[in-house]
There are 2 protein chains.
Amino acid sequence: MNKNNRREDIVLTAAKLFRKKGYNAVSMRDLAAEMGIKAASLYNHISSKQEILASIVLSVAKDFVGHIDTVVPQPIASIEKLTSIIHHHIELTAEQTDFLACMNNDWIHLDEENKTLYLSLRKEYEAKFREILRVGMAKNELKNIHIEISVFGILTTLRTLYVWYAKKDVVSLKTLKTDLPRLLLDGLID
Amino acid sequence: MNKNNRREDIVLTAAKLFRKKGYNAVSMRDLAAEMGIKAASLYNHISSKQEILASIVLSVAKDFVGHIDTVVPQPIASIEKLTSIIHHHIELTAEQTDFLACMNNDWIHLDEENKTLYLSLRKEYEAKFREILRVGMAKNELKNIHIEISVFGILTTLRTLYVWYAKKDVVSLKTLKTDLPRLLLDGLID
DNA sequence: TTACAAAACTAACACTTGTTAGTCTAATTT
DNA sequence: AAATTAGACTAACAAGTGTTAGTTTTGTAA
């Protein structure tokens with residue numbers, strides 16, 4: 001039980017460092033020093049550096065897919081589905097800033113197997129997002145903007161929210177939740 | 001003269017590799033191999049790995065500031081200024097995809113001095129972009145959306161265009177140039 | 001108090017890193 | 001033809017990498 005907490009601590013600390021310096025620029029000795037122990041001691045809790053990265057990246061990726069899966073079947077208008085997704089991005093960004101940053105910047109450093117898994121989760125998410133847009137346009141709830149451009153425009157903004165969130169003094173979470181959907185979706189509404 | 005071309009070749013190749021694997025994951029031996037020579041030979045043309053990175057990142061950053069400087073003083077409406085900026089992002093993305101990707105992903109690995117320089121260029125660009133929005137809103141050419149959110153929303157989309165451009169089979173450059181400004185700016189127009 | 005397990009430690013491994021020194025070869029200039 | 005130079009090469013460096021083996025310390029349960 002305590003072991004789990006210690007492991008969690010390590011992963012959290014790793015995410016913080018990975019975010020600041022990038023996966024490859026953080027050595028196991030750096031990570032250990034930040035934890036106040038020696039590098040070798042880390043291996044009592046984790047099995048490899050790669051495992052830490054995978055654990056960070058995949059947990060966030062799975063969370064996103066999990067959320068969109070709850071949104072898709074709901075009997076609500078497309079705009080509301082999109083708003084719910086945007087809100088979820090904002091919330092996750094606030095709660096797990098380092099994890100999100102790490103996912104976006106360091107997924108390339110996953111080993112072949114984990115990278116494949118990550119990319120398939122990402123593809124799945126994009127497909128479901130695209131489908132919400134497609135249905136919304138078909139039902140004339142949304143304007144007929146080029147769909148790939150819409151998907152791209154909205155998702156990349158959401159993906160990089162964490163950059164923004166770092167300067168949270170500039171905009172409150174509440175303002176973000178009301179104004180960001182407007183900025184992103186107004187182009188899609190008549 | 002030939003030396004310049006060779007150097008340019010190295011920097012171009014480096015950008016390609018940095019983009020694919022990240023600055024730290026590309027060794028001088030990797031880069032040399034891609035050029036068909038040995039690592040030590042690179043140093044006949046460049047002085048350090050860091051110099052290559054700086055040369056890539058700063059050239060793009062300066063190009064962006066250079067362009068916005070030509071746009072700002074023009075006697076045209078805010079929307080047209082913004083459209084011109086968006087077009088420039090699209091063009092640069094098409095012409096220098098690897099450089100752009102490299103700037104966005106690897107600027108953290110600049111040494112202290114170059115990082116400071118890069119960040120100040122970036123800050124300068126954002127300030128000028130923000131000012132265009134501010135004036136446009138003051139003149140009622142633009143809607144009064146939260147200005148920081150607008151700056152962020154538009155710039156991050158433009159910054160990550162290169163991700164998108166990689167799948168250029170999906171959308172033509174021409175479509176991008178007409179539809180992307182619409183998506184990004186319609187939320188700002190009545 | 002003793003016994004045991006968890007988690008720290010030291011020391012070392014095999015390997016990779018960016019970079020330099022010194023040398024040889026091929027092309028260009030004199 | 002001789003001299004110079006650009007640009008490749010080999011060999012090596014000091015430092016840093018992730019990880020393992022074996023040992024000692026610490027805290028908890030008997």
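Proteins get letters first, then strands, A, B, ... in listed order; numbering begins at 1 in each.
When the side-chain nitrogen and oxygen atoms of A:Ser27 are compared with OP1 and OP2 of D:dT17, one or more of them lie within a distance under 4.0 Å. Of the side-chain N and O atoms in A:His45, none sit less than 4.0 angstrom from OP1 or OP2 of C:dA6.
Across residues 101-118 of chain B, not one residue has a non-hydrogen atom less than 4.0 Å from an atom of DNA chain C.
Between A:His88 and A:Phe64, the ring-plane angle classifies as perpendicular under the 30° and 60° cut-offs. Ring pair A:Phe18/A:Tyr23 is perpendicular by interplanar angle, where above 60° counts as perpendicular and below 30° as parallel.
Rounded to a whole Å, the NZ atom of B:Lys38 is 12 Å from the C1' atom of D:dA11. With rounding to whole Å, B:Leu31 atom CG is found 12 Å from C:dT17 atom P.
Donor-acceptor pairing under 3.5 Å, judged by distance alone, is present between the side chain of B:Asn44 and the base of D:dA8.
Residue contacts for A:Ser41: at a heavy-atom cut-off of 4.0 Å it reaches a base atom on one of the strands shown.
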Between the protein and nucleotides 19-26 of chain C, which nitrogen or oxygen pairs are less than 3.5 angstrom apart?
unit_1, atom_1, unit_2, atom_2, d
C:dT19, OP2, B:Tyr43, OH, 2.5
C:dT19, OP2, B:Lys49, N, 2.9
C:dT19, O5', B:Tyr43, OH, 3.2
C:dT19, O4, B:Arg29, NH2, 3.4

Item to check | Residues B:Leu180, B:Leu158; criterion side-chain contact (heavy atoms from CB on, under 4.5 Å); working and verdict | outcome: CA-CA 9 Å; B:Leu180 190 59; B:Leu158 295 176; 4.2 Å; yes
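Scanning for side-chain hydrogen bond (donor to acceptor under 3.5 Å, both in side chains) contacts around A:Thr175 gives A:Ser172, with sequence neighbours left out.
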